[in-house]
Amino acid sequence: TRFGGQPIPATGASMGVDRLLAAVEHLGKAPRRKTMAQVFVSTMDRSLIPEYLQLAFELRRAGIRTEINVGRPKKLGKQLQRADRLEIPYVLIMGGDEVARNVVTVKEMEVGRDQSGDVGDHEQWKAARFGQQEVPRAELVETLKRLLS
């Protein structure tokens, strides 16, 4: 009678979703992710903030869960470390050079992590660009959808 005004016979029970989730996690049946983001948009140049925001908007609109570095642009290495720590599988890198060529660099974090383990020299690591590919800006959403499927 509480909502409709008419008595409706019913019975029910609830264990509590929070308790159920805690039990599933305790049994190791539900892996915990640090974030639901699938893509991290790095920011390298303050003047390109509108471009970065547009990228994030387009990806989110296409159903791709996206996180963007907020605040002042930081060194790329720090942003890659953050994306790695949060277990975000793909990072988008776009500086002035990429904007001029109308491309976006897509970095696949797991490939980079797996392949860079044997490299001891920092310059060799930078030159190898493990797990990175340049994608035409117009093809970015479709490329990411394919990579994420």
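Reckoned from all heavy atoms, side chains included, excluding hydrogens, waters and symmetry mates.
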Nearest 0.5 Å, what's the [atom1]-[atom2] distance between [X] and [Y]?
X      : Y      : atom1 : atom2 : result
Leu55  : Arg60  : CG    : CZ    : 11.0 Å
Asp97  : Met94  : CG    : CE    : 11.5 Å
Thr105 : Tyr90  : OG1   : OH    : 15.0 Å
Leu80  : Lys107 : CG    : NZ    : 6.0 Å
Leu147 : Gln133 : CG    : CD    : 5.5 Å

| Check against side-chain contact (heavy atoms from CB on, under 4.5 Å), Val41 and Leu53 | CA-CA 9 Å; Val41 178; Leu53 292 171; over 6 Å; no

| task | Could you tell me whether the side chain of Met109 reaches within less than 4.5 Å of the side chain of Leu86, counting heavy atoms only? | result |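 No. Closest side-chain heavy atoms not under 4.5 Å.
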
| said: Any non-hydrogen side-chain atom of Asp84 less than 4.5 Å from a side-chain atom of Val91? | reply: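 Answer no - side chains too far apart.
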
| field | For Ala37 against Thr66, the heavy-atom pair lying closest together | value |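 Nearest pair, atom of Ala37 first, then Thr66: CB-C, 4.5 Å.
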
Do [X] and [Y] land in one hydrophobic cluster if side-chain heavy atoms of ILVMFWY residues count as linked below 4.5 Å?
X     : Y     : result
Met36 : Leu59 : no
Leu92 : Ile49 : yes
Phe57 : Ile93 : no

| Under the side-chain contact (heavy atoms from CB on, under 4.5 Å) test, which residues partner Lys145, sequence neighbours left out? | Ala62, Ile64, Val141, Glu142

| remark: Applying side-chain contact (heavy atoms from CB on, under 4.5 Å) to Val103 and not counting sequence neighbours gives Glu98, Arg101, Glu134

| request: Keeping the roles fixed (side chain from Gln38, backbone from Arg65), state whether a donor-acceptor pair exists under 3.5 Å. | output: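 Indeed, once roles are kept as given, a pair shorter than 3.5 Å links the two residues.
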
| message | Suppose we screen for salt bridge (Lys or Arg N to Asp or Glu O under 4.0 Å). Which residues come up paired with Arg82, at least two apart in sequence or across chains? | response | Glu67

| field | Summary of side-chain hydrogen bond (donor to acceptor under 3.5 Å, both in side chains) pairs that have at least one residue in residues 43-54, sequence neighbours excluded | value | Thr43-Asn69, Asp45-Ser47, Gln54-Glu58

